[in-house]
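This chain uses plain numbering: 1 for the first residue, then up along the sequence.
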Amino acid sequence: MFLIKIGFTLFLGLYLALMWQQIITAKSLVQATHNQIPKLGKLAKNDFIPHTAQKAQILTLYQPLQHLQWEGERVSNTGIAYFSLDGFSNESISESDLDVARINQDPYKIAKFLAILGLSSHLQGEYEKAINYYKEGLEISKQNTYYELEAILLGNLGLAHVQQGDYYVEAINYLNDYWQLIHDRKQNSNTAQSQEAKALGNLGNAYYGADLYAKAIAFHQKRLALSRKIKDQAGKAKALSDLGIVYQALGDAKKAIDYQQQALTLAQQIKEQSLESFALGNLGIIYQNQSNYTKASDYHQQRLAIARQLKDLRSEAEALANLGGVAYFQGDYNKAIALYEQGWKISWDTLHDADILYRILGNQGLVYFQMGNLNKALESYGKYFQYASSRNNHREQGIAKINAAAVRLQSGNLAGAAKTFKEAIEIWESLRARLGSNDGFKISIFETQNTPYSNLQTVLVAQNQPEAALEVSERGRARALAELLSRRLWAVPIQKEAPTATLASVTIAEIKKVAQNHRATLVEYSIVPGNFLVEGKLETHESELLIWVVRPTGNITLRRVDLKPLWQCQNPQFCYPKGLTDLVSKTRELLNMRNRSLERNSNTSSVIDENPLHQLHQLLIQPINDLLPQDANAHVIFIPQRSLFLVPFATLQDATGKFLIEQHTISISPSIQVLDITYKLRKKPRASKNFNSNLIVGNPTMPKIVTQLGESPEQLPPLPGAEQEAKAIAQLFQTKALIGANANKSKVLQQMSNSTLVHLATHGLLSDFSGLGVPGAIALAPDPTVQGQTSTEENGILTASEIIHLKLNAELVVLSACNTGRGKITGDGVVGLSRALVAARVPSVVVSLWALPDEPTALLMTEFYRNMQHQTDKAVALRQAMLTTMKHYSYPLDWAAFILIGQP
């Protein structure tokens, strides 16, 4: 068996800081606050105390400037966006004119004057007053079917609520009514449909501002489809760019870049420079958040040139400020300040834009922080938070809180730092709650939210509160999976995109109970990053590894490991720039090369020192070795994080050359909470008692797949070794394996739902066939043709996206295929086949970490099931099978590929 890899990219999600640029506030607000906003001058040399690469700082977050444009908007000379009352918006109307209209009982004039007065207040930033005028005018317009006036009033009511900071109910309701009014008229002209497309875009933006990303995507997709239908290229480009912004907020950089690139290309083709500028700015922000400062600077510079050509002052100010951010991360603080000051001057002197001013202020707080001027930094973040709160912007509130907490930690105020980090976590978890049951979005958004969890762990450890730190570690991992499993455990109905309460994370008391229930030692790893100044540039690197050991007795111990030596190394041969990620990758490379230094008897000191399995043992096991059980059959359940999910724990070697599997019985779980929920699922009575069959599949008639874009599908090669494996296992269980064409997808799915044991020996695929961000698939035989046509839905590819929606009753599923334990590594664990099966209510899953050789795999699997017949303990059965296979095949590559995830 071997790996089929088709366009799969391992995604180690970096933090993508994304804001929604609200519509400009009134000049009076800016003037009232301007004198309270500190500005930076040029730094003197003694202002900055450089941090060496040996000293880690708490992580801080940068907020680039990004504007979300409203469709059909006009912008006043003070920068306020509105929908124009064409034909009479410039009329001079007073309250006395309105009184005369009321006396004359002229409903059209009353509605018209109310609209004009509302717009006048709107443009002066008096939003509450404008809303009252608009509402009264809207009621009269509805009663008298003044369609055009009603539409404009609805649109402006929506915008006024947005500008006032009411992003959720009022803004969405009015903009939805605005769209429905246009949609219900069923006009088929291009002009009417173009107006409807813009309304869809605005409603999508409103949902985005309310942090309801699934709804935002749905409306932007509708707008995109309508723009394509009416061949509105500019509308299509805008919809693509807006979709990119939403996916950026969700942490899906790949999709965000793809949408923005499409928008940029289209805008350039149709020579729409404003749309080109919009896409360039968004691309610059994405690459800036990925630490690709060369590309980020290039896009921001291109946007700056267009902005100056178009005399678009807002875009110019944003481009300057974002270039200041690039300079900040490159360590050029004086250049950063100079660029901030240029953006500030434009915003203050001409735009009177408080949004830009306060966001620049927040980013200047980072420079103060690097200077060591903590009081000014804290003052900056405090004002930034107040302004974000006034706009009801949860993302920016969280950023301000995280950075303020970092300042408090740096100043030695541990209690204050802990309190502020907790507040940031509460704010950001409210964003995830707004995603309802959308598992994919919850996974991706969490990639943008890791920082406060790791920072809070650092603070609590510094306060000598290791148990509280463990609770935070659990709170910051596998949350989407835990919530999905919890809903299935309790059969809780949930609306797809409605705001919901998040699942409570486990407490220390519950963690101890889990260890007791499993009679197991739990080992949880947490990789803590830090900011380091390396050769004048600010870089994020792994700083420390926290390891908690929870024993069945309830005792909890924390051990700490310094990770900086991995990347701060003198010898390039043993240097790992990406820390544990590089070390794990090197281990896997040597395993695949069948390197002799990794064999059972390789225990000379010279070999051990160069052995990555020994290096991993020193980092992951040696610090806690005295806490692990002496009984080799006692369970040790590892809860890894990030790259550690790819560690072959069974192969880790101590100083004598012994493998970990020789000393301990091992299994894996994405989190302690997930382990607890799968335990409860296992104990829960099944809906039916007719689940005694075993499904054994081997070497199906292989489907055809596209291995390279643009090429014709090719049939996967057969696996005769998998067939022999399946027949041998079926004989043990006195059943018949599904082989060849008999192992078609429909039949396998039908039997899976009624089986207690499922064994699939076939090809494992790493591609995201569904396009839903969930990679992984199993190759099965295509279904028989129906009336001469092959079903496209039953093509023989069983994807992870399909599995996650199944309701399986199996106690154990074994994927005896290549790389079935791999996938997209996220804060929610490994997103792929293994996670999909756990989500489908399977308490125990056996998957592989690499491509499998046929003969050793057949031996190991046969031994595994033979052991299972004598005992129900899956982890012990797998360990004994590995030890038996090791006697015949000494290379770890041959016997250590499989891991048990879930219940032992």
Side-chain angles (χ1 to χ4, degrees), residues 13-23 59-68 162 165-168 171-172 204-217 242 244-253 256 281-282 285-286 288-290 318 321-322 325 354-356 358-363 365-366 380-406 420-435 438 441-453 455 476 479 497 499 502 827:
L14 300 174
Y15 175 80
L16 293 178
L18 177 68
M19 84 189 100
W20 180 39
Q21 174 70 37
Q22 312 300 345
I23 307 302
L59 287 179
T60 48
L61 299 179
Y62 184 82
Q63 178 73 323
L65 273 70
Q66 188 174 46
H67 175 54
L68 194 66
V162 165
D166 302 328
Y167 307 124
Y168 184 37
I172 288 175
N205 288 342
Y207 276 115
Y208 172 71
D211 307 307
L212 295 170
Y213 303 133
K215 280 282 192 180
I217 287 173
D242 284 342
I245 288 175
V246 184
Y247 278 107
Q248 184 184 348
L250 285 167
D252 193 335
N282 291 331
I285 288 168
I286 298 169
Q288 188 171 337
N289 288 319
Q290 290 187 315
E318 289 177 353
N322 287 332
D355 280 352
I356 294 180
Y358 275 93
R359 289 185 173 100
I360 289 177
L361 172 64
N363 289 333
L366 291 171
S380 298
Y381 296 140
K383 287 183 168 59
Y384 177 35
F385 177 78
Q386 288 177 0
Y387 186 72
S389 299
S390 74
R391 315 306 290 160
N392 203 29
N393 191 314
H394 295 83
R395 284 183 295 275
E396 294 189 44
Q397 288 174 16
I399 289 172
K401 285 284 185 183
I402 290 164
N403 289 347
T420 310
F421 278 131
K422 289 174 184 176
E423 291 169 350
I425 287 172
E426 292 289 342
I427 290 169
W428 274 6
E429 285 183 349
S430 72
L431 295 178
R432 295 210 306 276
R434 289 176 175 271
L435 295 173
N438 195 309
F441 288 170
K442 286 187 174 184
I443 293 170
S444 59
I445 196 175
F446 192 70
E447 292 304 283
T448 73
Q449 298 182 339
N450 298 314
T451 297
Y453 296 96
N455 283 348
R479 302 297 297 141
E497 289 91 12
T502 56

**Q** Closest heavy-atom contact between Ala216 and Tyr208?
**A** CB-N, 3.7 Å

**Q** Does any N or O in the side chain of Gln397 come within less than 3.5 Å of the main-chain N or O of Ile427, such that one atom is a donor and the other an acceptor?
**A** no

**Q** Restricting to non-hydrogen atoms, name the atom on Gly365 and the atom on Ser380 that form the minimum distance, rounded to 0.1 Å.
**A** CA-CB, 3.8 Å

**Q** For the atom pair CG (Leu361) and CD1 (Ile356), what is the distance rounded to the nearest 0.5 Å?
**A** 13.5 Å

**Q** Considering all heavy atoms of both residues, which atom of Gly398 and which atom of Ala424 are nearest to each other, and what is their separation?
**A** O-CB, 3.9 Å

**Q** So, taking the atom named OH in Tyr381 and the one named CD1 in Ile402, what distance separates them when rounded to the nearest 0.5 Å?
**A** 11.0 Å

**Q** For the atom pair CZ (Arg395) and CD (Gln449), what is the distance rounded to the nearest 0.5 Å?
**A** 10.0 Å

**Q** Glu423 versus Thr420: any side-chain heavy-atom pair under 4.5 Å?
**A** yes

**Q** Just verifying a value: how many Å separate Glu429 CD and Arg479 CZ, rounded to the nearest 0.5 Å?
**A** 6.5 Å

**Q** Does Asn403 use its side chain to pair, donor to acceptor, with the backbone of Leu61 at less than 3.5 Å?
**A** yes

**Q** Starting at CD of Gln386, measure out to OH of Tyr358 and round the result to the nearest 0.5 Å.
**A** 7.5 Å

**Q** For Asn363 and Gln63, work out which heavy atoms get closest and say how close.
**A** ND2-O, 2.8 Å

**Q** Starting at NZ of Lys401, measure out to CD1 of Ile425 and round the result to the nearest 0.5 Å.
**A** 12.5 Å

**Q** Using a 4.5 Å cut-off on heavy atoms from C-beta on, say whether the side chain of Tyr384 contacts that of Ile399.
**A** yes

**Q** Considering non-hydrogen atoms only, spot the tightest contact between Tyr247 and Ile217 and give its length.
**A** CZ-CD1, 3.5 Å

**Q** Any donor and acceptor pair, going by atom type alone, linking the side chain of Asp242 with main-chain N or O of Asn205 inside 3.5 Å?
**A** no

**Q** So, applying side chain to side chain contact (heavy atoms under 4.5 Å, CB included) with Glu318, which one of Leu65, Ile360, Ile285 is it?
**A** Leu65

**Q** What orientation do Phe446 and Tyr453 show, parallel under 30°, tilted 30 to 60°, or perpendicular over 60°?
**A** tilted

